[in-house]
Amino acid sequence: MTTPALAKHLIGGSLLGDPEKERRNPAHPGEVAVLSPSGSAAEVDTAISAAVAAQPAWARMPLPARGAILLKAAEILRERTPQVAADLVREEGKTIAEATGEVGRAIGVLQFFGSLGWASTGSIFGSAIPGTTVTTRREPIGVVGLITPWNFPIAIPAWKTAPALISGNAVVMKPAELTPMSATHLAVALHEAGLPDGVFNVVHGSGRIVGDAIARDPRIGALSFTGSTAVGLGLEKTLQARRARVQLEMGGKNGVLVVDDADARRAAQVVAAGGFSLTGQACTATSRVYVTPGIREAFLHELVDLAGGYAPGDGLDAATTMGPVVSEDQLRNDVSAVQGALDGGARLLTGAADADGLNFAPVVAVDVDHSAPIATDEIFGPVVAVIDVPDYEAGLAALNDSPYGLTAGICTTSLKHASDFADRVQAGVVKVNRPTSGLDLHVPFGGVKESSSNTFREQGHTATQFYTWEKTTYTGVE
Ligand code: ADP
């Protein structure tokens with residue numbers, strides 16, 4: 001029996017907290033993967049006080065020195081990748097290849113933002129006022145709160161933490177309850193890299209207690225959240241009531257339009273990778289496909305072939321190509337979405353509304369109505385709903401007819417379709433002949449409509465805008 005990993009809070013530079021809560025391995029429900037503390041509002045208060053005390057000195061530390069700490073943390077995580085990735089698989093369930101890639105993403109993010117220690121942080125202007133120069137620079141917010149989900153348990157904490165820290169903020173983060181260990185690894189790496197005590201704090205526990213206490217504390221000047229739409233919109237109200245900044249990345253129902261001029265095999269590869277990688281549990285996963293009549297049969301043939309090729313199982317087993325669903329609650333949701341589609345008249349070309357333990361085989365549903373729940377509601381499982389459309393225009397209109405707008409894709413060999421789609425599709429990220437999931441770390445990411453707060457983008461240089469405000473200084477030289 002594997003010994004459980006021990007997740008800890010990081011508060012004021014101390015790793016602490018009793019092993020109160022069990023997280024079982026989704027591949028082996030009899031195995032306790034992680035034991036973690038369950039934080040209180042008092043612990044959040046202590047963490048925020050530590051952050052408030054530490055932040056001014058951190059912001060005054062020379063920028064290259066701040067960057068060097070992030071780069072060192074990246075190096076520590078790189079050395080520990082096999083252990084961190086294995087712990088990630090045990091708590092979240094994805095395959096070891098996917099987990100290793102995710103740890104690599106966290107490392108890349110720390111390297112990207114660490115390298116900004118040498119970047120320019122402002123501009124210099126001539127002034128209309130004689131003898132005067134104008135400079136701009138970006139100032140940190142102060143103390144920021146981060147609330148993160150379970151599906152990328154180290155990458156998302158890293159891509160919120162790194163831009164916050166390099167910008168001179170102190171951070172209080174609450175990771176998802178299902179995945180406390182990955183965030184602990186990030187905290188330990190930053191701590192061991194020499195981050196001053198109190199600059200980065202992690203408090204584990206429930207959203208209702210720990211998340212709520214972070215969001216309500218008036219010392220939190222900005223909150224970045226990734227998770228469900230319902231929780232995000234509630235947090236937005238809380239933050240806006242005191243005019244604090246809020247950044248929300250929420251649900252998606254990412255569609256792909258497959259048109260007659262696409263290559264059928266290539267289109268199926270794009271849809272399978274987008275729909276079934278990571279067990280379909282990415283906010284950017286493909287979950288609805290609009291297909292035109294001339295390619296329908298060939299495309300579905302190829303898609304079913306690819307869907308049948310996945311080997312579900314324990315993510316630590318090298319032969320596994322699809323890890324289990326993260327939890328019984330999530331599995332119930334997947335099963336009931338597929339059952340609902342069957343009840344509504346859809347047919348499954350592959351997959352079923354049942355599971356072996358938490359292993360849920362990829363589903364391809366056809367004869368789906370555009371307004372059926374399987375085509376409109378986020379599922380967060382390896383389920384692709386295929387909807388027939390007569391032509392490109394009808395497909396684009398149907399794809400845009402959604403409250404969500406995170407990512408969207410088209411499979412085509414036509415430059416005209418590709419460029420028209422990029423112009424007119426309502427999504428924050430557009431993929432032409434590439435899966436809707438899978439993002440570069442150095443370019444902006446975020447959605448429109450109900451997928452996002454539509455304010456600040458995450459990732460790349462633009463990510464620092466959320467964690468800073470711009471100051472303009474006029475200097476008279478005589
Ligand atoms: P998911 O469906 O991805 O689990 P949630 O929105 O439930 O999405 O969770 C995302 C994050 O938000 C988690 O860290 C969770 O604990 C936290 N959370 C849930 N409810 C609240 C709340 N009422 N206030 C603050 N944070 C919350």
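Counting convention: from 1, in listed order, for ligands and their atoms alike.
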Applying salt bridge (charged side-chain N to carboxylate O under 4.0 Å, His left out) to Arg242 and Asp217, what does each step give before you reach the verdict? CA-CA 10 Å; Arg242 62 169 194 274; Asp217 194 297; over 6 Å; no
May I ask you to list the atoms of ligand 1 that are less than 4.0 angstrom from any heavy atom of [X]?
| X | result |
| --- | --- |
| Gly211 | 25 (C), 26 (N) |
| Thr226 | 10 (C) |
| Asp212 | 24 (N), 25 (C) |
| Leu235 | 24 (N), 25 (C) |

Quick check on [X] - does any of its heavy atoms sit under 4.0 Å from an atom of ligand 1?
| X | value |
| --- | --- |
| Val210 | no |
| Phe225 | yes |
| Ala176 | yes |

Counting only heavy atoms, which portion of Leu178 has something under 4.0 Å from ligand 1: side chain, backbone, both, or neither?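 For Leu178, no heavy atom sits under 4.0 Å from ligand 1.
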Parallel, tilted or perpendicular, judged at 30° and 60°: which one describes the rings of Trp159 and Phe152?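 Tilted, since the angle between the ring planes falls between 30° and 60°.
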Which residue and atom name correspond to the protein heavy atom nearest [atom], and how close is it?
| atom | answer |
| --- | --- |
| atom 3 (O) of ligand 1 | Trp150 NE1, 3.8 Å |
| atom 24 (N) of ligand 1 | Gly207 O, 3.3 Å |
| atom 13 (C) of ligand 1 | Thr148 O, 3.4 Å |
| atom 17 (C) of ligand 1 | Ile147 CG2, 3.6 Å |

Looking at Ser402 and Tyr404, would you say the former's side chain and the latter's main chain have a donor-acceptor pair under 3.5 Å?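 Pair found, side chain donor or acceptor close to backbone of Tyr404.
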Are any side-chain N or O atoms of Arg90 and backbone N or O atoms of Glu31, one a donor and one an acceptor, separated by less than 3.5 Å?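 Flag not set: sc Arg90 to bb Glu31 has no pair under 3.5 Å.
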Look up atom 20 (N) of ligand 1 and tell me if a protein heavy atom lies less than 4.0 Å from it?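 Yes, at least one protein heavy atom sits under 4.0 Å from atom 20 (N) of ligand 1.
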Check whether any side-chain heavy atom of Ile96 sits under 4.5 Å from a side-chain heavy atom of Leu316, and report yes or no.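 Yes. Closest side-chain heavy atoms under 4.5 Å.
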Residue pair Thr320 / Thr95, side-chain donor-acceptor N/O under 3.5 Å: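 Distance-only check fails for Thr320 and Thr95.
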Do you know which two heavy atoms are closest between Asn400 and Lys449, and how far apart they sit?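 Result for this residue pair: O-NZ, 2.9 Å.
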For ligand 1, is there an N or O atom under 3.5 Å from any N or O atom of Ser228?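 Yes, Ser228 has an N/O under 3.5 Å of an N/O on ligand 1.
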So is there a nitrogen or oxygen of Lys174 less than 3.5 Å from a nitrogen or oxygen in ligand 1?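 Yes; at least one N/O pair falls below 3.5 Å.
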